[in-house]
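Numbers here are sequence positions counted from 1.
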Amino acid sequence: MKRQSTNPKRDEVERLVQDFRKTGSKAIEREIVEKYENLIHSIAWKYSKGRAFHEDIVQVGRIGLLGAIRRFDQTVGKSFNSFAVPTIIGEIKHYLRDKTWSVHVPRGAKELGIKIKKAKEELTVALQRTPEVHEIANYLHVDKKEVLEAMELGQAYYSKSIEMPIDQESEGKAIIETVGKKDRAYEKVLKRLDVKKALHVLSNREKRILYYTYIQEKSQRETGRIVGVSQMHVSRIQRNAIKKLREAVLG
């Protein structure tokens, strides 16, 4: 759709809204929405700044407009436009407050975060510099710890893809390449599975000796007493059994 002017013509919109209230026509409703499309995009841009969720906010703005069309009362004496714009903005703010956080954040922290942002802007103008945390806390009459917590939680507002580059100087290195480390336990699990598959090459006595010496962690002397052979015999059987398993695993 070609967007030129953001403000729809007042008289034309007032007439359409009046016709919709009389007829409930979906066609008229769609026509009103189309006339506000430019304005909705303009409002949405102020909150999205072109981010990936811009179209989501536009859709929320349309929902807000539909609500305004259905709730507008001409007898109050105000124009439809003066009623619709705050309704659209309110719907968008509600969506941003409750739906776009990457993790669950308490409502109180969200609301304090909004106040902190406004306080920082006002204090920056007044102080001619970036305000410190204790100055923001004093300005809002809250504890410094609350400000710090709200600012930290505010970082959860937008999530980053782990496929994104770390920064401009990372030469394209993605975030995922810096997360986590090699899990050595995983390799052990794979080796255990390989050994388990190869156990069929052992005799029952060989399995018993490996079980007592490696799983039960008994000495060769103790194992010999249980199985009924000498310690020297246990040692020889153990070596042969391990050799057979190694050959079976390596194929």
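Of all non-hydrogen atoms in A68 and A84, the two that sit nearest each other are CB-CA, 3.9 Å.
Tracing side-chain contacts under 4.5 Å through hydrophobic residues (I, L, V, M, F, W, Y), one never reaches I215 starting from L199; they form parts of separate clusters. Cluster annotation: I92 is not connected to I63 through the hydrophobic network of ILVMFWY side chains, with a link wherever side-chain heavy atoms come within less than 4.5 Å. A continuous path of Ile, Leu, Val, Met, Phe, Trp and Tyr side chains, each step under 4.5 Å between heavy atoms, connects V33 with I28, placing both in one hydrophobic cluster. Taking hydrophobic clusters as Ile, Leu, Val, Met, Phe, Trp and Tyr residues chained together by side-chain heavy-atom distances below 4.5 Å, Y36 shares a cluster with V17. No chain of hydrophobic side-chain contacts below 4.5 Å, direct or via other Ile, Leu, Val, Met, Phe, Trp or Tyr residues, connects Y211 to L202.
Under the 4.0 Å criterion applied to side-chain N and carboxylate O atoms, K115 and E146 are not assigned as salt-bridge partners. Salt bridge absent: E121 and K118 never bring a charged side-chain N and a carboxylate O closer than 4.0 Å. Between D19 and R15, at least one side-chain N (NZ, or NE/NH1/NH2) sits under 4.0 Å from a carboxylate O, which counts as a salt bridge.
Among N138, I116, L148, the single residue meeting the side chain to side chain contact (heavy atoms under 4.5 Å, CB included) criterion with V133 is L148. For the side-chain hydrogen bond (donor to acceptor under 3.5 Å, both in side chains) with Q238, the qualifying choice from H233, Q220, E206 is Q220, the only one to do so.
The shortest distance between side-chain heavy atoms of W45 and H41 does not fall below 4.5 Å. Looking only at side-chain heavy atoms (C-beta outward), V13 and N81 stay at 4.5 Å or farther from each other. Looking at heavy atoms from C-beta onward, Y214 lies in side-chain contact with I242 at the 4.5 angstrom threshold. Between L65 and I40, some side-chain heavy-atom pair lies under the 4.5 Å cut-off. By the 4.5 Å heavy-atom criterion applied to side chains, E222 and Q216 are not counted as neighbours. K35 places a side-chain heavy atom less than 4.5 Å from the side chain of L16.
Looking at R62 and Q59, their side chains do bring a donor and an acceptor atom within 3.5 Å of each other.
Between I88 atom CD1 and L66 atom CG the span is 9.5 Å, to the nearest 0.5 Å. Considering CG of L123 and CG of L140, their distance stands at 8.0 Å, rounded to 0.5 Å. To the nearest 0.5 angstrom, Y47 atom OH is 9.5 Å from I57 atom CD1. Rounded to the nearest 0.5 angstrom, L127 CG and E132 CD are separated by 9.5 Å. Of the inter-residue distances, the one linking L245 atom CG with H200 atom NE2 reads 9.5 Å to the nearest 0.5 angstrom. In this structure, NZ on K196 lies 12.0 Å from CG on D194, to the nearest 0.5 angstrom.
The backbone N or O of A241 sits nowhere less than 3.5 Å from a side-chain atom of R246 that would complete a donor-acceptor pair. Within the 3.5 Å criterion, the main-chain N or O of K120 finds a donor-acceptor partner in the side chain of T124. No donor-acceptor pair under 3.5 Å is formed between the side chain of K218 and the backbone N or O of Y212.
By the 6.0 Å contact criterion, NZ on K244 is enclosed, its count of non-hydrogen atoms from other residues, nucleotides or ligands being greater than 12. Heavy-atom contacts from other residues, nucleotides or ligands closer than 6.0 Å to NZ of K207 number more than 12. Other residues, nucleotides and ligands place no more than 12 heavy atoms under 6.0 Å from the CZ atom of R221. Applying the 6.0 Å contact sphere to CZ of R21 captures more than 12 heavy atoms from other residues, nucleotides or ligands.
Listed by first and then second residue, the ring-ring contact (aromatic ring centres under 6.0 Å, His included) pairs that reach into residues 58-78 are F72-F80, F72-F83, sequence neighbours excluded.
Applying the ring-ring contact (aromatic ring centres under 6.0 Å, His included) criterion to Y139, with sequence neighbours excluded, gives no partner residue.
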